Number of protein chains: 2
Amino acid sequence: MKSQRLTVGVLGGMGPEATVDFMAEVLAATPANEDQDHLRMLVDQNPQLLSRQLALAGKGGSPGPQLAAMARGLEKGGADFLVMPCNTAHAYQADIVAATTIPLVSIIDETVAECSGAEQVGLLATVGCFDAGVYQSAFAAAGQTLIMPTAAELEEFTRLVAAIKLGKQGEDIANAMATLANALVGRGAQVVVAGCTEIPLVLDASMLAVPLISSTAVLARSTVALALGERPLG
Amino acid sequence: MKSQRLTVGVLGGMGPEATVDFMAEVLAATPANEDQDHLRMLVDQNPQLLSRQLALAGKGGSPGPQLAAMARGLEKGGADFLVMPCNTAHAYQADIVAATTIPLVSIIDETVAECSGAEQVGLLATVGCFDAGVYQSAFAAAGQTLIMPTAAELEEFTRLVAAIKLGKQGEDIANAMATLANALVGRGAQVVVAGCTEIPLVLDASMLAVPLISSTAVLARSTVALALGERPLG
């Protein structure tokens with residue numbers, strides 16, 4: 001038991017398969033020769049959270065109080081810091097931060113930092129994520145230009161994410177997602193951000209002509225670096 | 001939010017990849033049209049638990065007190081019942097049961113029940129799992145004959161599990177695992193139990209001439225049935 005390691009609290013279930021994918025990415029990013037080298041993670045896999053999309057569209061209650069309760073539970077259980085492998089839910093970051101004394105490592109901030117070399121950044125994200133503006137403000141603060149989907153492309157993206165959540169993750173869905181990403185490249189994107197954790201379930205870097213920044217993989221690498229003490233927290 | 005559903009507590013991390021595999025099996029076994037149809041699971045992914053193999057060989061301290069603390073934490077967090085996607089760790093089932101008031105659904109009992117049609121059952125499991133005798137007593141009570149690996153086969157199995165835990169999950173490891181399973185079939189096994197949750201990370205049912213009973217998949221299906229109330233608890 002390596003006691004200097006931090007325990008990770010995971011606000012999960014949004015969606016549930018993306019959380020499983022995130023956990024697998026954390027394992028892949030951890031240098032390990034045996035079980036005991038891996039990180040302890042307390043995971044609240046709560047897919048029953050109120051819909052973020054409905055709430056952000058003004059059509060449903062806020063999941064903020066539920067996220068706050070989940071965060072408090074993870075802190076009580078022994079988590080040293082929190083991560084949430086869902087971009088859209090970061091619209092409710094303030095509820096989480098107010099509810100606990102441990103830091104939330106933002107998938108938005110980590111992903112934006114990963115794009116520092118690019119002047120023009122393509123972003124695929126949900127309608128709710130765009131409406132909340134979490135990425136727009138972060139990239140604007142960094143002085144980078146965002147290249148976003150058109151309304152028609154965003155409608156297509158919504159359809160694809162719904163299909164992925166139903167387990168439809170075949171070549172047709174992957175190719176349709178690549179088409180959306182490559183449209184951003186055609187309009188000048190030097191990198192494309194997979195700013196929704198469902199995207200990497202179908203889209204692979206090899207399908208794009210520019211680098212694909214998976215927010216899931218970025219958060220996983222940051223999680224490992226912070227838990228191992230390779231990077232200071234906060 | 002479907003409040004009639006039970007919350008699952010997962011004693012995880014033994015090994016960590018097997019827990020991720022279990023979570024994916026639960027998702028696959030859950031009928032769902034949207035995120036909210038999936039189960040809430042509180043997962044304590046704790047790979048830093050003391051080695052079960054060393055403890056059962058009399059060469060290390062018992063992980064029982066750590067498992068008891070994890071179980072208490074999951075109960076406090078709101079779990080209605082516990083599962084542990086690791087066969088060997090069920091040697092410490094008594095520590096877990098004594099520590100909480102919620103039931104532990106045994107991967108051993110669920111897997112044995114799944115084999116009810118077979119008179120002769122082949123079993124692949126770790127040295128520690130065999131030493132603890134958890135499967136032997138359950139199958140004896142059910143009146144079924146166990147066909148176990150030879151000492152040499154068990155040594156080979158130990159080597160394969162260590163490789164799988166290091167991420168070596170290619171065709172050579174899969175074929176070597178199939179050879180071990182098929183040796184049990186050659187000695188009369190009518191089904192083969194993958195009685196270690198690392199096995200399904202490489203071995204597929206299509207590689208055997210008889211049915212392969214994955215303890216991971218069996219526990220996942222039981223978890224879903226119990227959480228959805230399709231089967232009563234305890």
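What you see is a predicted model; the values in this text were computed from it and never measured. In the text below, chain A, chain B and the rest are named by the order of the sequence lines, each starting its count at 1.
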> Is the count of non-hydrogen atoms from other residues, nucleotides or ligands lying under 6.0 Å from B:Glu230 atom CD greater than 12?
Replying inline: yes

> Under 3.5 Å, is there a donor-acceptor pair linking the side chains of A:Ser222 and A:Glu110?
Replying inline: yes

> So which part of A:Ser51 gets closer than 4.5 Å to some heavy atom of chain B, the side chain, the backbone, both or neither?
Replying inline: both

> Top residue by heavy-atom pair count (under 4.5 Å) with chain B, among A:Met70, A:Lys76, A:Met23?
Replying inline: A:Met23

> Who wins among B:Pro16, B:Ala162, B:Gly73 for the most heavy-atom pairs under 4.5 Å with chain A?
Replying inline: B:Pro16

>> To check you understand the geometry: which heavy-atom pair defines the closest contact between B:Glu25 and B:Ala220, and what is its length?
In response: CB-CB, 3.5 Å

> Got a salt bridge between B:Glu75 and B:Arg72, using NZ or NE/NH1/NH2 to carboxylate O under 4.0 Å?
Replying inline: no

> For A:Leu42, is it the side chain, the backbone, both, or neither that has a heavy atom closer than 4.5 Å to a heavy atom of chain B?
Replying inline: both

